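Just so you know, these numbers use all the heavy atoms, side chains as well, and skip hydrogens, waters and symmetry mates. Note that this is a predicted model, so its numbers are computed, not measured. In the text below, chain A, chain B and the rest are named by the order of the sequence lines, each starting its count at 1.
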Amino acid sequence: MPELPEVHTTAQNLNKILPGLKIKDVWSDYFSDLYEGKQQVKNKKYFQRFKKDVVGAKVKRVLRRAKNVLIELSNGKTILIHMKMTGHLLYGRYLLRKNSPKVGKIPENWNKEIWIPDESKESPLWDPYNRFIHITFSFSNGESLVLSDVRKFAKVAIFDSDKIFEFNDLKKIGPEPLEESFKFLNFKRQVLKKPNGKIKQVLMDQEIIAGIGNIYSDEILWLVGVHPVSPVSKIPSEVLKKIFLAMKKVLKKGIDFGGDSTSDYRTPDGKRGSFQYHHRAYQKTGSDCSKPKCEGKISKIKIFGRSAHFCATHQKLFS
DNA sequence: ACTAGCCCCTGGGAGC
DNA sequence: TGCTCCCAGGGGCTAG
């Protein structure tokens, strides 16, 4: 699922490609999940308005804030895309087909419109995980930006660029963990806003720190040897410092590996990232702990409706 | 103000 | 082989 490193990789790659390109058309089969400002776009009428705001504009730049991709347009509007769990953005030459040939496991009786890559079957864009395309932006150069999202949780919205930080999506988001200016004291102040909160939950709280989700929080806590349910206020300051440093390290590592493709995430050229091959805790339930000299095993528990993976042997519970 | 829990969604994997 | 059931979970929302 796209967290900071995945969204960062996507936004950075797109920022090398999209600026200067003019949006020629927008297509979607996904009206219920398009938004215009605060207004949820529930029908075609709103989609037409979204389309009107977008078509004809040029892309100025693409950036990331928390787990959102922001596409700034030349007309004072910004498209916000939150990929949630299974969404990912792809860029390439795409064709709209009706009664299309089968792609992956799409049923034979499929008779809807479908976008398929106009590329050789060797192209990573043909990866079966890339076939759930629910919105496309076609550019005047003949290429398209498409959102593939099997579970349809992704959010696409449009805002006035100068007001975008006034809306809830971005208003209350905490600081960016990889900013040079984000120092330990800021981190400490942030997490201590939830003194009774469990450390894993607090790390994942977007209002405390932006961009960390389930995978990276598991990996950070494994690395520093802190049990995920430890309340923040019980963790000694020097251990919080270790968490802070591990957070920067693990997130950077995620970026270096091109993100995590445990699930559906792909880079805009359709390729997998490789952080999933370096997990120590996330989805390693039952495996031997890989920390040197540790003889524990990775367990899984549910906290706050999410799974947490950790080694009960070397991850210390502060309480 | 807080938190626990439901909801959205659907492919894939496990079990029979 | 094919059916059913359960799981993945970010973030919005509601009930307590």
Separation of [X] atom [atom1] from [N] atom [atom2], in whole Å?
X: Y282(A); N: dC7(C); atom1: OH; atom2: P; value: 14 Å
X: K193(A); N: dA1(B); atom1: NZ; atom2: P; value: 15 Å
X: I81(A); N: dG10(C); atom1: CD1; atom2: C1'; value: 16 Å
X: D205(A); N: dA1(B); atom1: CG; atom2: C1'; value: 14 Å
X: D127(A); N: dG12(B); atom1: CG; atom2: P; value: 11 Å
X: K200(A); N: dG10(C); atom1: NZ; atom2: P; value: 8 Å
X: D149(A); N: dC9(B); atom1: CG; atom2: P; value: 12 Å
X: F132(A); N: dC8(B); atom1: CZ; atom2: P; value: 20 Å

| message | Between Q201(A) and R151(A), which residue's closest nucleotide on DNA chain B lies nearer the 5′ terminus? | response | Q201(A)

| remark: Whichever of Y129(A) and K198(A) has the more 5' nearest nucleotide on DNA chain B, that residue is K198(A)

| If you round to the nearest 0.5 Å, how far is CZ of F244(A) from CZ of F182(A)? | 6.0 Å

Side chain to side chain donor-acceptor pair (under 3.5 Å) partners for [X], two or more places apart:
X: D269(A); answer: T267(A)
X: T86(A); answer: D149(A)
X: K188(A); answer: S237(A)

| query | What bend angle does the helix from dC2(B)-dG16(C) to dC16(B)-dG2(C) show across its length, from five-pair end axes and to the nearest 10 degrees? | reply | 50°

Can you tell me if the side-chain N/O atoms of [X] get under 4.0 Å from OP1 or OP2 in [N]?
X: K300(A); N: dA8(C); answer: yes
X: K152(A); N: dG11(B); answer: no
X: T86(A); N: dT10(B); answer: no

Can you sort out the partners of [X] under side chain to side chain contact (heavy atoms under 4.5 Å, CB included), two or more places apart, ordered by chain and number?
X: K84(A); result: H82(A), F153(A)
X: L73(A); result: I23(A), V54(A), A57(A), V59(A), I71(A), N75(A), K77(A), I79(A)
X: S161(A); result: T78(A)
X: L245(A); result: K241(A)

| remark: So side-chain hydrogen bond (donor to acceptor under 3.5 Å, both in side chains) across residues 309-319 of chain A, not counting sequence neighbours, yields D218(A)-H309(A)

| request: Compute the ring centroids of F257(A) and H278(A), then answer whether they are less than 6.0 Å apart. | output: yes

| message | Expected output is a numbered-order residue list: members of residues 251-272 of chain A with a heavy atom under 4.0 Å from any atom of DNA chain C. What is it? | response | none

| Do other residues, nucleotides or ligands put more than 12 heavy atoms under 6.0 Å from K253(A) NZ? | yes

Under 3.5 Å, which N/O atoms of the protein pair with N/O atoms of nucleotides 11-13 of chain C?
residue : atom : partner : partner atom : Å
dG11(C) : OP1  : H82(A)  : NE2          : 2.5
dG11(C) : OP2  : K67(A)  : NZ           : 3.3
dG11(C) : N7   : R306(A) : NH2          : 3.1
dG11(C) : O6   : R306(A) : NH2          : 3.0

| salt bridge (charged side-chain N to carboxylate O under 4.0 Å, His left out) with E119(A): which residues, sequence neighbours excluded? | none

